[in-house]
Amino acid sequence: MKIYNTLNKTLETFDPIHENTVNMYVCGPTVYNYIHVGNARPVIFFDVVRRFFEYLGFTVNFVSNFTDVDDKIITKAIEDETDERTIAEKFIEAFYRDVERVGSSTKYLAPRVTKYMSAIIDYIDQLIQEDFAYAVDGDVYFRVTKVDDYGVLSGRKIKDLESGARVEVNKKKENPLDFTLWKSTTEGIKYPSPWGEGRPGWHTECVAMIHDIFGGKIDIHGGGADLMFPHHENEIAQNRAFHQHHLANYWMHNGHLHVNEQKMSKSEGNVDLVKDLDGDLMGFRLFTLGTHYRAPISYSDEILESYVNEWEKLKRVYTQAFYALDLAERLDEDLVKFTALETIREDFVQAMRDDFNTANAITELRELAKFTNRAIRKTDGYDALRAAIDLFNTMFTILGLKVDVKRMSKDTRALYMAWTDARKNKDFEKADRLRETLQNRGVLA
RNA sequence: GGUCCCGUAGCCAAGUGGCUAAGGCAAUGGACUGCAACUCCGUGAUCACCGGUUCAAAUCCGGUCGGGACCUCCA
């Protein structure tokens, strides 16, 4: 298994800390709004990472947090004349709904900042004791110059960053790059701490959670490319205060989704929300996996539509193969191996092993579709169809794609037979009527 | 101002030194079909431009043009 590690900027062979186990953490959403289609990319991609490791036989411990204490949540609460907790709950629920609709699992550990307050405060306190942080007027800042390789992840040097004109001037900070660990506040939700009432900065939660849940270094830490700096850099810095390692062995970052060559982002206002996408979102899922995860994805109605069409085709071929077997009552026979299918399977897995190259993996899915469509036309191709269905199931499980199809009822089967008879007898009026019914039931394409 | 990425057919996209540059969508020709749908077979590329390295470059190096990201909340 090869993974591109952002930390070293190289493709590396995956070597787990604990045998047959993958411990992975992905930065989750700040729950103050519905997620847009760009936000869905890591939700889908890292779900596929999890699925593929499971296919390879690993036990995957997947954790993704909710940031439910944040200025934006407070602003939103004031706007809606309610409290932060209500806002957070509302958008956590909405998030889970969207995650499910795009076909990703919601069954993973999802720690919340509000439930981790004491761990976060303890962590900050230790940083102060070790001189990696300092308190000023109720605020606490991290001292970046104390970490010798600060900037290792994002490839930045403190000197370069300092020259950036856009760094805010905050006289309380010893160095403009020092980041907030604790923020003294008077407005909105606040918590007691040794430094006074306030709320935590954004960067400590992930480190505190990872230490608490995994007890130390993890295998994979993932998130969007925009989190690399400063968020992930600062996580590493906080961790480096106590440990020699970089929190995770492999850092993975997904590229952004672009609209008209520009990043889709809430602050740009060019967003389409996941909740507003219609119907079956498997086509959308296929779309996000159609481009290698590190590259930017271009998004437009036209592009999305081409993937939606493709998904319709895949669904059709799978369904047709299934019903062909069902009609012949050969769904339950033993599997026979087909060299052509074994090649497709190997190439698919090979593509996935190569840094989760879902784009190439999907090419194999298309090969399989073609193979199956040919087999459907042959009346004696039942062994091939069964093997094809089996391979479809494997690939769909790994990619998180799903087709709903059930065995035909007696009633439907009778209609099907009647349709075949009508065609034989050239009773086309009756045949067309039956065809329509069967199409409505999803049995005929 | 600093750091970094990208530019492959109408659209999307794989490929990062070596056979005729994958694949999909769209378009188009054919086959199949009672009609249609579906499906299958076929058809398309001076790899942004200029120069260099090499026996060999889409791929490496330099430059030009164009687009983008990060340095501020962001997946």
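All values derive from a computational prediction rather than experimental measurement. Reckoned from all heavy atoms, side chains included, excluding hydrogens, waters and symmetry mates.
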Inset, instruction - Do nucleotides 17-28 of chain B as a string where each nucleotide becomes B, S or -: B if the base has a protein heavy atom under 4.0 Å, S if just the sugar-phosphate does, - if no protein is that close. - result: -----BSSS---
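- Ring geometry, A/His231 versus A/Trp202: the interplanar angle falls under 30°, so the pair is classed parallel (tilted spans 30 to 60°).
- Of the C1' atoms belonging to B/rA57 and B/rA48, the separation is 16 Å, rounded to the nearest Å.
- Counting distance only, with no hydrogens placed and no angle test, the side-chain atoms of A/Arg377 and the base atoms of B/rC38 include a donor-acceptor pair under 3.5 Å.
- Applying the salt bridge (Lys or Arg N to Asp or Glu O under 4.0 Å) test to every pair with at least one member in residues 348-363 of chain A, sequence neighbours left out, gives these pairs: A/Arg294-A/Asp355.
- Note on A/Thr291: only backbone sugar-phosphate atoms sit closer than 4.0 angstrom, heavy atoms only; bases stay farther off.
- B/rU43 and B/rC25: their C1' atoms are spaced 16 Å apart (whole Å).
- Relative ring orientation between A/Tyr141 and A/Tyr134 is described as tilted, the plane-to-plane angle lying within the 30° to 60° band.
- With hydrogens and angles ignored, a donor-acceptor pair closer than 3.5 Å exists between the side chain of A/Arg435 and the base of B/rA36.
- Each salt bridge (Lys or Arg N to Asp or Glu O under 4.0 Å) pair with one or both residues in residues 60-70 of chain A, not counting sequence neighbours, appears once here: A/Asp70-A/Lys72.
- Between A/Phe287 and A/Tyr307, the ring-plane angle classifies as perpendicular under the 30° and 60° cut-offs.
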Quick test: give all pairs of protein nitrogen or oxygen and nucleotides 67-69 of chain B nitrogen or oxygen below 3.5 Å, distance rounded to 0.1 Å.
from	atom 1	to	atom 2	distance (Å)
B/rG67	O2'	A/Glu261	OE1	2.7

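- B/rC47 and B/rA14: their C1' atoms are spaced 13 Å apart (whole Å).
- Whole-Å rounding puts the A/Phe371 CZ to B/rC40 P distance at 13 Å.
- At least one side-chain heavy atom of A/Phe66 sits less than 4.5 Å from a side-chain heavy atom of A/Pro29.
- The salt bridge (Lys or Arg N to Asp or Glu O under 4.0 Å) analysis of residues 433-445 of chain A, with sequence neighbours excluded, yields the pairs A/Asp411-A/Arg441, A/Asp432-A/Arg435.
- A/His232 is not listed as a side-chain neighbour of A/Cys206, based on a closest heavy-atom distance of 4.5 Å or more.
- Using a 4.0 Å cut-off between a side-chain N of Lys or Arg and a carboxylate O of Asp or Glu, A/Glu54 and A/Arg51 do not qualify as a salt bridge.
- Remark: the separation of the P atoms in B/rG15 and B/rG23 is 15 Å, to the nearest Å.
- A salt bridge links A/Asp280 with A/Lys315: the closest approach of a Lys/Arg side-chain nitrogen to an acidic carboxylate oxygen falls below 4.0 angstrom.
- For the segment residues 37-45 of chain A, the set of residues with a heavy atom within less than 4.0 Å of an atom of RNA chain B comprises A/Gly38, A/Asn39, A/Pro42, in numerical order.
- Nucleotides of RNA chain B nearest to A/Gln320 and A/Gly290 differ in position, and the one nearer the 5' end is that of A/Gly290.
- Heavy atoms of A/Phe229 sit under 4.0 angstrom from primed sugar atoms or phosphate atoms, though from no base atom.
- Base engagement by A/Leu257 is indicated by at least one non-hydrogen atom pair under 4.0 Å involving a base atom.
- Within the nucleic acid shown, A/His253 has no heavy atom closer than 4.0 Å to any nucleic acid atom.
- Under the 6.0 Å distance and 45° angle rule, A/Arg199 does not count as a cation-pi partner of A/Tyr191.
- As the counterpart of B/rU39, B/rA31 is assigned, both hydrogen-bonding distances of the Watson-Crick or G-U wobble pattern falling under 3.5 Å.
- Taking the centre and axis of the six-membered ring of A/Tyr32, the NZ or CZ atom of A/Lys76 falls outside the cone set by 45° and 6.0 Å.
- A/Met264 comes within contact range of at least one nucleobase, with a heavy-atom separation under 4.0 Å.
- Residue-level contact check: A/Asp432 touches the bases, meaning some heavy atom is under 4.0 Å from a base atom.
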